[in-house]
Amino acid sequence: MTIKIYIDGDACPVKDETYKVASRYGLQTFVVSNSFMQIPRSPLIARIIVEAGADAADDWIAEQVVAGDVVVTSDIPLAGRVLAKAAHAIAPYGRAFTQDSIGLALAQRSLMEHIRSTGEITGGPPPFSSANRSQFLQALDQAIAREQRRRL
């Protein structure tokens, strides 16, 4: 069974980087979104358009992913679902979610949602940088290489 890569496509800033790494390893990549998205012409890259809905893309990815696959997402609950299936979850800014870190990430997300619900202005994430892009490439490459070694 080969490793597959799933990209939570809506607002993902590292799609091109993911395509390059996937191509280097010869891995099938699925770009999942709620609307049409331009993708490179390649037999290794597939566009999946799901119905509109807050978690439709997340649900599709969570249903398809199997142990050892890689998911690129900044959605923390999706990362938790991916990890529960023994797959890899990597955020676009280079953070590889792990079983040890997902609990804290979910708790922080919940806390920030609660703070925002009270009307507090919390600001957004810092601007995406070239350093984030580099960290992502390193984390993706490491996850794929680690999974390939595990499968030997």
Side-chain angles (χ1 to χ4, degrees), residues 1-25 27-35 37 39 44-117 122-151:
M1 205 162 50
T2 62
I3 301 166
K4 292 185 176 88
I5 299 176
Y6 297 88
I7 301 173
D8 187 0
D10 297 320
C12 178
V14 291
K15 288 187 283 292
D16 289 337
E17 290 79 3
T18 305
Y19 303 147
K20 289 175 186 169
V21 172
S23 175
R24 185 166 16 107
Y25 285 99
L27 303 178
Q28 181 75 47
T29 302
F30 299 90
V31 183
V32 186
S33 66
N34 294 333
S35 60
M37 191 170 291
I39 63 170
L44 292 175
I45 302 172
R47 175 184 327 135
I48 306 295
I49 301 173
V50 297
E51 293 188 25
D55 293 326
D58 297 351
D59 291 343
W60 190 92
I61 292 169
E63 289 168 11
Q64 300 299 313
V65 73
V66 297
D69 287 344
V70 177
V71 176
V72 178
T73 185
S74 56
D75 186 281
I76 296 169
L78 174 58
R81 294 167 72 184
V82 166
L83 292 173
K85 288 188 145 189
H88 306 272
I90 302 171
Y93 53 88
R95 177 181 184 186
F97 294 100
T98 66
Q99 290 294 344
D100 292 336
S101 70
I102 196 67
L104 179 58
L106 286 165
Q108 287 175 326
R109 179 183 181 275
S110 179
L111 176 63
M112 293 307 289
E113 277 184 349
H114 175 72
I115 290 170
R116 283 190 295 272
S117 74
T122 59
F128 196 76
S129 69
S130 58
N132 295 133
R133 209 170 294 283
S134 178
Q135 290 167 335
F136 169 76
L137 284 166
Q138 182 178 9
L140 180 59
D141 194 66
Q142 286 175 347
I144 294 168
R146 189 174 325 120
E147 185 59 31
Q148 286 182 329
R149 282 191 307 272
R150 188 188 70 79
R151 291 179 180 209

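Start at 1 with the first residue, then count along the sequence. Owing to the predicted nature of the structure, the values given are computational and were not obtained by experimental measurement.
- Looking at R47, its side chain does come within 3.5 Å of a backbone N or O of M37 through a donor-acceptor pair.
- Checked against side chain to side chain donor-acceptor pair (under 3.5 Å), S35 has no partners two or more places apart in sequence or in another chain.
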Report, one line per pair, each donor and acceptor closer than 3.5 Å where one atom sits in a side chain of residues 10-22; sequence neighbours left out.
from, atom 1, to, atom 2, distance (Å)
K15, NZ, G9, O, 3.4
K15, NZ, C12, O, 2.8
E17, OE2, R133, NH1, 2.9
T18, OG1, V14, O, 2.8

**Study point:** Residue pair T29, I7: steps toward the side chain to side chain contact (heavy atoms under 4.5 Å, CB included) verdict
**Key:** CA-CA 7 Å; T29 302; I7 301 173; 3.8 Å; yes

Using distance only, find each side-chain donor-acceptor pair of residues 137-147 under 3.5 Å and give its atom names and separation, not counting sequence neighbours.
from, atom 1, to, atom 2, distance (Å)
D141, OD1, R24, NH1, 3.0
D141, OD1, Y25, OH, 2.6
E147, OE1, H88, NE2, 2.9
E147, OE1, R150, NE, 3.2
E147, OE2, R150, NE, 3.0
E147, OE2, R150, NH2, 2.5
E147, OE2, R151, NE, 2.8

Compile the donor-acceptor pairs under 3.5 Å between side chains in residues 55-70 and protein atoms, sequence neighbours left out, one pair per line.
from, atom 1, to, atom 2, distance (Å)
D59, OD1, R81, NH1, 2.8
D59, OD1, R81, NH2, 3.2
D69, OD1, K4, N, 3.0
D69, OD2, V66, N, 3.1

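- Of the inter-residue distances, the one linking I48 atom CD1 with S33 atom OG reads 9.5 Å to the nearest 0.5 angstrom.
- Here the side chains of L44 and L27 are not in contact, with every heavy-atom distance at 4.5 Å or above.
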Point to revise | Steps toward side chain to side chain contact (heavy atoms under 4.5 Å, CB included) verdict (I90, F136) | key: CA-CA 8 Å; I90 302 171; F136 169 76; 3.8 Å; yes

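- Remark: L78 CG to T73 OG1 distance equals 4.5 Å, nearest 0.5 Å.
- Applying the side chain to side chain contact (heavy atoms under 4.5 Å, CB included) test to S129 and every residue at least two apart in sequence or in another chain returns A131, N132.
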Exercise for review: Evaluate the side chain to side chain contact (heavy atoms under 4.5 Å, CB included) criterion for residues Y6 and V82: first the C-alpha distance (whole Å), next the side-chain angles of each, then the deciding distance (0.1 Å), finally the verdict.
Suggested key: CA-CA 11 Å; Y6 297 88; V82 166; over 6 Å; no

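- Between the CD1 atom in I5 and the CD atom in Q28 there is a gap of 10.0 Å [rounded to 0.5 Å].
- At a threshold of 4.5 Å between non-hydrogen side-chain atoms, the residues D8 and V32 do not count as touching.
- Under the ring-ring contact (aromatic ring centres under 6.0 Å, His included) criterion, Y93 pairs with no residue at all, not counting sequence neighbours.
- By the side chain to side chain contact (heavy atoms under 4.5 Å, CB included) test, A84 is found to be paired with no residue, residues two or more places apart in sequence or in another chain being considered.
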